[in-house]
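Working notes, beginning with the structure itself.
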Amino acid sequence: MSGSSKAINFLAVSSSSSSHLCSTKMALAISDELLATFVPIVVYWIYSAFYMSFGSFDNYRLHSKKDEEEKNLVSKANVIKNVLFQQTIQSTLAIVLYRVIGNEGGGASKSQPNSITVMAGQFIIAMFVLDTWQYFMHRYFHHKKFLYRRFHSHHHKLVVPYAFGAIYNHPLEAFVFDIIGGALSYSISGMSPRTSMYFFSFATIKSVDDHCGVWLPGNLFHIFFNNNSAYHDVHHYLYGGKYNFSQPFFVMWDRIMGTYMPYSLEKRAEGGFEARPIKRAK
């Protein structure tokens with residue numbers, strides 16, 4: 001075989017290999033919309049598993065293990081089934097919503113901003129929108145007896161919250177709180193799908209942390225957010241129908257609307273902590 005023929009064959013093989021490699025890369029490529037849909041679900045279970053590993057650490061619990069087992073009105077198996085069912089529905093709807101919102105501008109997805117300042121601004125806007133939506137919906141579902149009995153009471157079957165029960169809800173309530181609230185925060189903030197992956201993963205971690213039933217020293221969420229596991233525990237366990245509706249980030253709407261219940265965190269004699277409400281002067 002001549003040198004030129006060998007060169008031609010080598011180029012052909014190289015071209016074929018390059019084409020195969022490109023095809024493989026394209027096949028393995030995952031859109032930002034899919035990442036934004038499924039990464040928060042993975043984060044939910046990984047972060048929940050982290051907290052469940054502290055299940056026997058009585059010195060950090062807000063309620064005893066016995067209270068968790070005896071006072072909750074739903075089994076952990078049913079909680080897992082409910083959460084998986086919800087995540088299946090939510091991921092399906094999220095994909096549809098990303099396509100609808102993304103196609104509003106003629107079919108082109110929003111590009112990822114280069115500026116960290118822009119992303120930070122979008123985070124703040126999205127946090128405010130999500131907090132506002134969830135506060136007023138949460139409060140409304142408590143104050144309307146039919147909505148509470150038929151829908152929101154499902155979530156309060158977890159009298160003693162724990163990590164992977166963070167989104168244990170009736171599916172319709174989950175649609176109203178999470179899907180609509182998420183769509184509003186995504187759309188109004190103007191974030192890209194890639195940025196929304198970071199934001200919704202962060203919101204997921206925050207929600208799990210608020211329901212974990214554990215008070216770990218040095219927890220950054222407790223340092224930077226007044227809305228934390230003890231704050232939300234007051235809502236679940238002591239005065240669930242009247243106070244501390246704010247979620248998942250700030251407490252401003254509770255303060256503005258007069259539904260803020262302060263508390264002190266006290267050591268229990270048998271180990272762990274207890275969030276005790278502080279009576280407010282009238």
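- Residues D254 and Y231 bring a donor and an acceptor atom of their side chains to less than 3.5 Å of each other.
- Residues I188 and F128 are not in side-chain contact: their nearest non-hydrogen atoms beyond the backbone lie 4.5 Å or more apart.
- No side-chain donor from either of H138 and H155 sits under 3.5 Å from a side-chain acceptor of the other.
- Classified by interplanar angle (parallel below 30°, tilted 30° to 60°, perpendicular above 60°), the ring pair H142/H152 is perpendicular.
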| request: Evaluate the criterion ring pair (Phe, Tyr, Trp, His ring centres under 6.0 Å) for residue pair Y51 and Y47; output intermediate values, then yes/no. | output: CA-CA 7 Å; Y51 265 120; Y47 198 61; 5.3 Å; yes
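- For the ring-ring contact (aromatic ring centres under 6.0 Å, His included) test, residues two or more places apart in sequence or in another chain that qualify with H63 are Y237.
- L130 contributes atom CG, which lies 12.0 Å from atom CD1 of I180 (distance to the nearest 0.5 angstrom).
- Side-chain N/O atoms of N72 and E68 include no donor and acceptor closer than 3.5 Å.
- Note: F123 and F199 have perpendicular aromatic rings, judged against thresholds of 30 and 60 degrees for the angle between ring planes.
- Counting heavy atoms from C-beta outward, N169 and F175 have side chains that stay 4.5 Å or more apart.
- To the nearest 0.5 angstrom, R268 atom CZ is 7.0 Å from E274 atom CD.
- At distances below 3.5 Å, not a single donor-acceptor pair connects side-chain atoms of Y148 with backbone N or O atoms of H143.
- A donor-acceptor pair shorter than 3.5 Å cannot be found between the side chains of S229 and W215.
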| query | Yes or no on ring pair (Phe, Tyr, Trp, His ring centres under 6.0 Å) for F202 and F249, after CA distance, side-chain angles and deciding distance? | reply | CA-CA 10 Å; F202 176 62; F249 299 112; 5.7 Å; yes
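- When every heavy atom of I30 is checked against every heavy atom of L34, the shortest pair comes out as CG2-CB, 3.6 Å.
- At a cut-off of 3.5 Å, with distance as the only test, a side-chain donor of S196 or Y98 sits close to an acceptor on the other residue.
- Of the residues listed (D210, D209, T204), the one engaging K206 in a side chain to side chain donor-acceptor pair (under 3.5 Å) is D210, and it is the only one.
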